Amino acid sequence: MGRQYWKPGNMLNPVPAVLISSMDEDGKTNIMTAAWTGNLCSDPVMVSVSIRPQRYSYGIIKKTGEFVLNLSNRALVRAVDYCGVKSGRDSDKFAELRLTRSPSRFVKAPGIGESPVSLECRVEKILPLGTHDVFIARVLSTDVDEQYLDEKGRFDLDRADLIAYSHGEYYALGEKLGKFGFSVQKPQRSHKARRQ
C-alpha cells in the first residue's frame, strides 16, 4: 500500500475539547466550546485558543482581554457539545446547563465549577490568520478541583476522566501506554535479584 497526498486539511487530531468562559464589561457571562487550543510555553505559562471572529465570545474576549480555559471530562460532554452549537447572544448557558460560576482570583471571568481544571488567562497577543484568530494568553492561575488529586496532591488524570475531540466526535481518553522517558529507561531489577 502506498500513501495518498491530499490537499491541506486540519488532520491534527485528537485535540482537547475545552470550555472557554468569559464575561463582558456589563457582567454577562458566556461559555463557548473550543477544540483548537494548546500549550505554547512553560515559563511563562502560555496557551492559545483559535476563535472565529463571528463567534459571540470573540468580541467579549477581544474587548476584555481575558478568559478562563476549562478542561472537560465525561460528565461535561453534553455541555461541551451544547456550548459548541448554541450561541450565547440570547441565552445564559451557565443557567441552561446548571453549571456553577466559579470565582477566579486574577480575572473577572468566572471558571466552571464542574471542570476538573480551570486556567485563568490574560490575552497578550491576537494573531489574525484567516478563518480564525489565535488568542495567545498568559496563564495567571491554575484552579484545580481537589476531588481530582491523588494522595500525594498530584492531578490524577484517570480520576479526571478528560475527553478529546476528533473529526466531529467526542472521545474518552484511553489506557495509559507509558510515561515520559519510558523508552530510554533502564529496566528495574527486582528486590530478589538485588539481594542475590
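Note that the structure is predicted; figures quoted are calculated from it, not measured. Counting begins at 1 with the first residue of the sequence.
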Which pair of heavy atoms, one from P53 and one from T131, lies closest together, and at what distance?
-> CD-O, 3.5 Å
With no hydrogens and no angle check, is any side-chain donor or acceptor of K125 less than 3.5 Å from a backbone partner on I136?
-> no
For the pair T64 and E25, evaluate side chain to side chain contact (heavy atoms under 4.5 Å, CB included) and give the outcome as yes or no after the intermediate values.
-> CA-CA 7 Å; T64 63; E25 294 165 320; 4.2 Å; yes
Rounded to the nearest 0.5 Å, the CG atom of N70 sits from the OG1 atom of T33 at a distance of 10.5 Å
Separation between CD1 (I51) and NZ (K62), nearest 0.5 Å, reads 11.5 Å
With a 4.0 Å cut-off, would you call D145 and R159 a salt bridge?
-> no
So with a 6.0 Å cut-off around CG of L12, is the heavy-atom count from everything else above 12?
-> no
For R3, check side chain to side chain contact (heavy atoms under 4.5 Å, CB included) against everything at least two apart and list the hits.
-> Y5
Is there a side-chain contact between V80 and I163 (heavy atoms, below 4.5 Å)?
-> yes
Any chance you could measure Y56, atom OH, to K86, atom NZ, to the nearest 0.5 Å?
-> 16.0 Å
Tightest non-hydrogen contact, residues G111 and S21, listed as CA-OG, 3.9 Å
State whether E66 and R122 are salt-bridged, where the test is any N-O pair (Lys NZ or Arg NE/NH1/NH2 against Asp/Glu carboxylate O) under 4.0 Å.
-> no
Which atom of N10 lies closest to which atom of N13, heavy atoms considered = O-ND2, 3.4 Å
Could you go through the side chain to side chain contact (heavy atoms under 4.5 Å, CB included) check for V49 and V134 one step at a time?
-> CA-CA 6 Å; V49 61; V134 178; over 6 Å; no
Check whether any side-chain heavy atom of P116 lies under 4.5 Å from a side-chain heavy atom of L162, and answer yes or no.
-> yes
When every non-hydrogen atom of N30 is compared with those of G88, the smallest separation belongs to OD1-CA, 3.2 Å
Judged by atom type as modelled, is there a donor-acceptor pair below 3.5 Å linking the side chain of S91 to the main-chain atoms of S87?
-> yes
Dump the intermediate steps for side chain to side chain contact (heavy atoms under 4.5 Å, CB included) on E169 and Y171, then the final yes or no.
-> CA-CA 7 Å; E169 298 177 328; Y171 293 89; 2.7 Å; yes
Partners meeting side chain to side chain contact (heavy atoms under 4.5 Å, CB included) with N39 (sequence neighbours left out) = V47
Are side-chain heavy atoms of L149 and V144 found at a separation under 4.5 Å?
-> yes
Are the side chains of M46 and V139 in touch, meaning some heavy atoms are under 4.5 Å apart?
-> no
Pairs in or reaching into residues 21-50: which pass ring pair (Phe, Tyr, Trp, His ring centres under 6.0 Å), with residues at least two apart or in two chains?
-> W36-H132
Interatomic distance, CZ@R55 vs CD1@I60, rounded to 0.5 Å, equals 11.0 Å
According to a 4.5 Å side-chain heavy-atom criterion applied to Ile, Leu, Val, Met, Phe, Trp and Tyr, with indirect links allowed, do I31 and V77 form part of one hydrophobic cluster?
-> yes
State, yes or no, whether a side-chain contact exists between I61 and V123 at a heavy-atom distance under 4.5 Å.
-> yes
So with a 6.0 Å cut-off around CZ of R89, is the heavy-atom count from everything else above 12?
-> yes
Would a hydrophobic clustering, with Ile, Leu, Val, Met, Phe, Trp and Tyr connected at side-chain separations under 4.5 Å, put F94 with L76?
-> yes
Can Y82 be reached from V18 by stepping across I, L, V, M, F, W or Y side chains whose heavy atoms are under 4.5 Å apart?
-> no
Are E146 and Y148 close enough that a side-chain donor and a side-chain acceptor fall under 3.5 Å?
-> no
Report the C-alpha separation of F135 and F67 in whole Å, then their side-chain angles, then the decisive distance to 0.1 Å, and conclude whether the ring pair (Phe, Tyr, Trp, His ring centres under 6.0 Å) test is met.
-> CA-CA 10 Å; F135 289 78; F67 61 90; 7.1 Å; no
Can we say K28 and D24 salt-bridge, meaning some charged N sits less than 4.0 Å from an Asp/Glu carboxylate O?
-> no
Do you reckon L71 sits in the same ILVMFWY cluster as Y170, going by side-chain contacts under 4.5 Å, direct or chained?
-> no
Starting at CG of L119, measure out to CG of D143 and round the result to the nearest 0.5 Å.
-> 8.0 Å
Would L97 and C83 count as a side chain to side chain contact (heavy atoms under 4.5 Å, CB included) if you check the C-alpha gap in whole Å, the side-chain angles of each, and the deciding distance to 0.1 Å?
-> CA-CA 9 Å; L97 295 166; C83 292; 3.5 Å; yes
Flag the pair T100 / E114 as yes when at least one side-chain heavy-atom distance between them is below 4.5 Å, and no otherwise.
-> yes
Indicate yes or no: at least one non-hydrogen side-chain atom of V68 is less than 4.5 angstrom from one of S104.
-> yes
CG of L69 to OG of S72, rounded to nearest 0.5 Å, is 8.5 Å
In the single-linkage hydrophobic clustering (I, L, V, M, F, W, Y; side-chain heavy atoms under 4.5 Å), do V117 and L99 co-cluster?
-> no
4.5 Å side-chain heavy-atom contact, S102 and P110 | no
